[in-house]
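Below: one structure, written as structure tokens.
Since the structure is predicted, the reported quantities are computational estimates derived from the model, not experimental observations. Numbered from 1 within each chain, the chains take letters A, B, ... in sequence-line order.
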There are 2 protein chains.
Amino acid sequence: MKIDPKSPSDLSAQIAKAIRDAIMSGALIVDERLPSEAELSEQFNVSRPTVREALKRLGAQSLIRTQRGATGGAFVNRLRFEDAYGQQITTSTLLLSMNEVSFSVACEARYALERACAPLAAERRTADHLATMRAEAHRQSQPGLTDEAFCASDVAYHRALVDAAGNPVISYQLAGAVEAMQPLMNMITFTARSRERIVDLHSQIADALEAHDGQMVDELLSALAQYTNELARSVMDARQAARQSD
Amino acid sequence: MKIDPKSPSDLSAQIAKAIRDAIMSGALIVDERLPSEAELSEQFNVSRPTVREALKRLGAQSLIRTQRGATGGAFVNRLRFEDAYGQQITTSTLLLSMNEVSFSVACEARYALERACAPLAAERRTADHLATMRAEAHRQSQPGLTDEAFCASDVAYHRALVDAAGNPVISYQLAGAVEAMQPLMNMITFTARSRERIVDLHSQIADALEAHDGQMVDELLSALAQYTNELARSVMDARQAARQSD
DNA sequence: AATTTTCATTTGTCAGACAATTAAATGTAT
DNA sequence: ATACATTTAATTGTCTGACAAATGAAAATT
């Protein structure tokens with residue numbers, strides 16, 4: 001692990017990169033202890049605060065964890081799917097909000113990817129998945145529910161659907177696509193009628209999954225995608241009209 | 001923005017979280033300048049190195065950028081898809097390698113998600129996408145190519161396919177799934193015959209895209225997924241046998 | 001042998017300093 | 001007055017040295 005002594009003004013980034021590369025190449029393995037901060041600062045010929053900044057960078061990516069005390073130090077972290085979910089969701093959410101991604105583009109992505117789960121989910125869904133989906137659908141049919149709670153339940157429903165595919169890699173990749181939609185969905189006002197329609201589709205999807213009918217799940221998801229898009233468009237149009245009449 | 005003064009021993013993480021929350025809630029907007037490190041250390045009642053550690057954490061997630069000089073400081077960064085790709089790929093790759101995700105599970109995820117792009121890509125592919133895919137397929141047919149270069153070209157081919165769907169959110173989400181497969185693919189030895197078969201499928205997929213035949217693309221991807229899986233299995237079996245005969 | 005105490009190691013935090021960079025303010029000459 | 005050079009102030013980048021807090025291991029005590 002070496003850093004370029006010629007280019008200054010980014011030492012902690014260079015050190016972080018060197019260690020990150022070592023982890024990714026397998027030179028440092030899971031649970032292996034890094035040298036202490038004092039040793040690292042000697043090796044890289046920089047001060048301890050600089051080393052610490054580098055370690056914090058790696059910690060922010062969950063690549064290492066630190067522990068105080070005599071046998072403490074920085075250890076290569078086993079990156080778990082649960083750890084990665086959070087970062088994935090944060091990044092996806094910010095990407096959508098900062099790049100003015102339209103509702104329709106985000107919606108298209110979400111449902112396209114979700115439909116990819118349909119055949120697998122129809123094959124592998126367990127009673128647990130069905131129970132979660134049915135419970136969320138029932139919650140969504142409660143009259144007093146706020147729009148925000150409705151959206152949160154919608155996300156929980158769809159995550160159960162994705163998890164039903166029984167592939168952790170798919171679950172991870174789609175966590176971002178599903179969760180990042182929530183802020184966009186929150187901009188929609190759901191009328192009683194539109195909720196009824198959505199809950200109906202949710203129930204039908206659960207039925208189709210129970211019957212192991214992947215084709216039907218796919219069609220229902222397609223219908224749900226279309227309906228969601230229409231709903232968003234009508235809300236946007238109404239707002240546009242209201243703005244112009246001001 | 002407040003931090004809990006009672007719980008010590010994670011001040012920089014708490015400060016990073018406070019600022020991150022402010023960005024995600026919209027309290028800090030893109031390109032807005034944060035207070036200087038000196039001001040932040042006063043506000044949070046911590047030392048400047050602690051503030052700096054917090055800022056480095058945020059920098060590692062591309063949430064802020066810093067600039068030196070009189071009008072410098074830390075600014076809320078507009079998170080771009082290109083910035084997010086790198087992190088996404090790093091995280092996905094490590095997730096697969098550290099959690100002993102089998103080739104078949106990763107492969108299933110990749111092709112399931114990729115097939116979700118088929119109808120969109122068939123509809124929207126441009127001449128550029130087709131040209132890239134054909135160029136990579138041609139490169140893959142060169143006899144002298146190393147296995148690693150073959151895999152790299154395979155990744156480039158599939159990224160072009162994904163990009164052809166014309167949805168940046170999909171491209172982002174799938175970057176991880178596609179790129180993270182590369183280390184796993186690199187474990188496979190591609191014979192001349194298997195390369196021929198793969199290149200043939202790649203060419204046929206390009207043809208189907210050109211003809212706007214989404215159904216055909218889907219079927220070809222399915223065939224490619226199955227073939228890749230068989231190939232990996234035969235390699236694994238051969239290694240297993242060789243190991244037992246030692 | 002079990003328990004308590006001491007100790008060494010390591011991370012977490014702080015204070016203060018100087019270097020490097022950068023843009024604005026100031027001064028100077030044409 | 002304008003163009004150019006100089007100074008200045010603000011800010012991040014880095015270093016040094018120090019102490020606090022946590023923690024496991026070793027030593028001492030019962």
Is it the case that over 12 heavy atoms from other parts of the model lie below 6.0 angstrom from the CD atom of A/E42?
no

Listed by chain and number, what are the salt bridge (charged side-chain N to carboxylate O under 4.0 Å, His left out) partners of B/D147, not counting sequence neighbours?
B/R195

Name all pairs fulfilling the side-chain hydrogen bond (donor to acceptor under 3.5 Å, both in side chains) condition that reach into residues 24-41 of chain B, sequence neighbours left out, sorted by first residue then second.
B/D31-B/R65, B/S36-B/E39, B/E37-B/R48, B/E37-B/R52

D/dT14 P sits how many Å from A/E53 CD, rounded?
7 Å

Quick check on DNA chain D: between B/K56 and A/T71, whose nearest nucleotide comes earlier from the 5' end?
B/K56

How would you label the contact of A/R65 with the nucleic acid (heavy atoms, under 4.0 Å): base, sugar-phosphate, or nothing?
nothing

Partners meeting salt bridge (charged side-chain N to carboxylate O under 4.0 Å, His left out) with B/D21 (sequence neighbours left out):
B/K17

Could you list the protein-to-nucleotides 14-16 of chain C atom pairs, N/O on both sides, closer than 3.5 Å?
residue : atom : partner : partner atom : Å
C/dC14  : OP2  : B/S47   : N            : 2.9
C/dC14  : OP2  : B/S47   : OG           : 3.1
C/dC14  : OP2  : B/T50   : OG1          : 2.8

Whole angstrom is fine here: how far is it from CG in B/L40 over to P in D/dG13?
13 Å

Under 4.0 angstrom between B/S36 side-chain N/O and D/dA10 OP1 or OP2
no

Which nucleotide wins on minimum distance to the side chain of B/A70, given the candidates C/dA23, D/dA21, D/dG13?
C/dA23

Do any side-chain atoms of residues 176-189 of chain A form donor-acceptor pairs under 3.5 angstrom with protein atoms, and if so which ones, sequence neighbours left out?
residue : atom : partner : partner atom : Å
A/E179  : OE2  : A/R159  : NH1          : 2.5
A/N186  : ND2  : A/Q182  : O            : 3.4

Here the distance between atom P of C/dT10 and atom CD of A/Q67, to the nearest Å, is 13 Å

Verify the contact: side-chain N or O of B/R52 to OP1 or OP2 of D/dG13, cut-off strictly under 4.0 Å; return yes or no.
yes

Are A/E136 and A/R139 ion-paired here, with the side-chain N under 4.0 Å from a carboxylate O?
yes

When rounded to whole Å, the CG to P distance for the pair A/L58 and C/dT11 reads 14 Å

Nearest-Å distance, CZ (B/R33) to C1' (C/dA23)?
13 Å

Atom pair distance, as rounded to whole Å: CD in A/E42 and P in D/dT16
11 Å

Atom CD1 of A/I15 to atom C1' of D/dT14: distance rounded to whole Å?
11 Å

Separation of atom CG in A/D10 from atom P in C/dT21, rounded to whole Å
12 Å

Residues at least two apart in sequence or cross-chain that pass side-chain hydrogen bond (donor to acceptor under 3.5 Å, both in side chains) with A/E114, listed by chain then number, are A/R110, A/H158

